[in-house]
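The structure under discussion appears below in the form of structure tokens.
Lettering follows sequence order; numbering is per chain, from 1.
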2 protein chains.
Amino acid sequence: MRDRNTDLRIIRTKESIRDALVELIDEKSFEAITVKDITTRAKINRGTFYAHYQDKFDLMTKCEDEIMLEMSKIAKQNFPGVLTAFETNSPTATLFPIAVLIFEYLNEKSGFMKAVLGPKGDLSFQTRLKDFMWKTLFGNDPGALIKEQNLLVPGQYLASYIASAHIGVIQKWLDSGRKESPQEMARILSTMSINGPFFAAGLKK
Amino acid sequence: MRDRNTDLRIIRTKESIRDALVELIDEKSFEAITVKDITTRAKINRGTFYAHYQDKFDLMTKCEDEIMLEMSKIAKQNFPGVLTAFETNSPTATLFPIAVLIFEYLNEKSGFMKAVLGPKGDLSFQTRLKDFMWKTLFGNDPGALIKEQNLLVPGQYLASYIASAHIGVIQKWLDSGRKESPQEMARILSTMSINGPFFAAGLKK
DNA sequence: TATAATAATGAACAACCTGTCGTTCATTAT
DNA sequence: ATAATGAACGACAGGTTGTTCATTATTATA
């Protein structure tokens, strides 16, 4: 019985394919990349690529799914603690630790994340990431953090606002070389989301 | 001497090319669209397309540039008034009118904007739009709205936060059928940016 | 309205990319 | 040692790209 996941040839091939993808996204946009580009860079036969992936989109989706799964795990493991702490403490104190964990994970996977979230990356991933953020943090019906009746604006716009803003900051952090620590980034995001960006800009109070 | 901009044949051809582009982005992603797709849909010869544009990217860029130019005009015409009013009034009152104008323009060009900002659209346009937003609203050195010394967070992250958040809300508005009026959308964005998204969510105070 | 100007067409082209074959060869189990 | 497995390879047909050119249709203008 052979295991597709332990065959060294497969592991080597898949790794070089994914490394080539990240390298190429830095050089040209994802849409401009051809399967031939990838296989040439990865030094494998083009037919071998099709033995593992349907096309470049399948490759991209599988890379993205791995990332989403990991982030989902981080969120699910720490969300119960957040929910109970939320009763007594301020939103700052409760959401801060989870934000730090996410930034630490992004830091670890920064090569791929920078490529896929960058200006030459994959737009559909951002859409999926926004949906994911909203569902994991605020979508759990029983213990939802946000109640519809408390909203001052329609929920869908609040969701878009927060998710897009956070992804935007993550993009900037990755793109400018990750000079701030995960802790510092979590503080920056908290400041803007809790007090509002205009307050953080010194335009208020 | 004949004018390329008034020849009815050219106007007709260009219009049908751009209409075809918007239609096709609704159906498949921009990267999946071929020049052949566009010319078939526009009912013109493929050679004619190359007489007007270098390739599909050239077409997209030229469409985007027109939009950016118009938005730039709106911003430049109204910015002086905003600056003077800003000394005495609150940020709400001063930035509100300009936001309404922008939403009215987006409403007018909603077909193209929905396509290009949507999940199948063009990622590089979003990047350009963020840069544009920041430069027009906060980048004018002499009378900058935001002073570096007042910031509670690094300026680059503040810029990314606000720009991404606003574009995210615009995307949601376009994607969900533009049910709210431009005035209502301006109010929603102001509420979240001035009091903060957490306050707007009923999570604070 | 007649005419000169020129935009659009259809066809052909080489070059390239795609997805899918059957074949070869290294690895592994017996 | 050897047979079975399946990963990697080379080659194929079909489609797209960007270009060119002679021909046709449409437009602006005198």
Side-chain angles (χ1 to χ4, degrees), chain A residues 1-64 66 115 120-124, chain B residues 1-64 66 120-122 124:
Chain A
M1 180 106 72
R2 288 253 177 74
D3 189 352
R4 280 185 61 87
N5 296 340
T6 57
D7 191 316
L8 288 178
R9 291 172 299 180
I10 294 185
I11 295 173
R12 227 183 303 123
T13 302
K14 285 197 172 179
E15 246 174 32
S16 53
I17 287 177
R18 296 186 180 207
D19 288 348
L21 176 67
V22 171
E23 278 182 41
L24 285 165
I25 293 178
D26 270 345
E27 294 167 24
K28 39 169 133 180
S29 75
F30 174 64
E31 65 186 303
I33 294 174
T34 66
V35 174
K36 194 180 195 336
D37 287 336
I38 298 171
T39 55
T40 304
R41 180 69 58 104
K43 295 189 187 70
I44 59 158
N45 187 274
R46 207 162 52 81
T48 307
F49 177 93
Y50 288 106
H52 295 287
Y53 305 102
Q54 284 183 11
D55 48 33
K56 66 169 178 167
F57 300 99
D58 185 42
L59 165 64
M60 187 58 119
T61 305
K62 279 175 176 154
C63 291
E64 290 170 355
E66 274 181 27
K120 298 171 193 163
D122 177 21
L123 187 50
S124 74
Chain B
M1 181 100 75
R2 282 190 168 158
D3 190 353
R4 277 187 61 87
N5 296 344
T6 57
D7 192 312
L8 290 177
R9 291 170 294 183
I10 294 183
I11 294 173
R12 226 185 302 124
T13 301
K14 285 196 171 179
E15 245 173 33
S16 53
I17 287 178
R18 295 184 181 211
D19 288 348
L21 176 67
V22 172
E23 277 181 42
L24 285 166
I25 292 179
D26 270 345
E27 294 167 24
K28 39 170 135 178
S29 74
F30 173 63
E31 63 186 304
I33 295 173
T34 66
V35 173
K36 195 180 195 329
D37 287 335
I38 297 171
T39 55
T40 304
R41 180 67 59 102
K43 296 189 184 70
I44 59 159
N45 188 273
R46 204 162 53 83
T48 308
F49 176 92
Y50 289 106
H52 294 286
Y53 304 101
Q54 284 183 11
D55 48 33
K56 66 168 178 167
F57 300 98
D58 185 41
L59 164 64
M60 187 56 119
T61 305
K62 278 176 176 154
C63 291
E64 290 170 356
E66 275 181 26
K120 297 170 194 163
D122 177 20
S124 73

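Counting heavy atoms from C-beta on, the side chains of A/S16 and A/K43 never come closer than 4.5 Å. Proximity of B/V35 to B/Y53: side-chain heavy atoms (C-beta onward) are nowhere separated by under 4.5 Å.
We find that CD1 of B/I11 is positioned 17 Å from P of D/dT26, with the value rounded to whole Å. At whole-Å resolution of the value, CD1 in A/I10 and P in D/dA7 are 4 Å apart. In this entry the distance linking CD of A/E31 with C1' of C/dC17 reads 16 Å, nearest Å.
For the contact set between residues 41-63 of chain B and DNA chain C, defined by any heavy atom under 4.0 Å, the members are B/K43, B/I44, B/N45, B/T48, B/H52.
Between A/T13 and D/dA8, a side-chain N or O to OP1/OP2 separation shorter than 4.0 Å is present.
No contact: A/R12 has no heavy atom under 4.0 Å from any strand.
Among D/dG18, C/dT18, C/dA8, the nucleotide with an atom closest to any side-chain atom of A/K36 is C/dT18. Comparing C/dT18, D/dA7, D/dT27 against the side chain of A/T34 picks out C/dT18 as the nearest. Ranking D/dT17, D/dA25, C/dG19 by closeness to the B/R9 side chain, first place goes to D/dA25.
Across all strands shown, C/dT24 pairs with D/dA7; the Watson-Crick or G-U wobble distances both stay below 3.5 Å.
Contact check on A/D37 versus A/K56 returns no salt bridge, with no Lys/Arg side-chain nitrogen under 4.0 Å from an Asp/Glu carboxylate oxygen.
Here the rule is side chain to side chain contact (heavy atoms under 4.5 Å, CB included) with B/I17, and of B/T48, B/I38, B/T39 only B/I38 fits it.
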Please report the C-alpha distance between A/D58 and A/H52 in whole Å, then the side-chain angles of each, then the deciding distance to 0.1 Å, and finally whether the side-chain contact (heavy atoms from CB on, under 4.5 Å) criterion is met. CA-CA 9 Å; A/D58 185 42; A/H52 295 287; over 6 Å; no
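Residues that satisfy the ring pair (Phe, Tyr, Trp, His ring centres under 6.0 Å) test with B/F57, not counting sequence neighbours, are B/F30.
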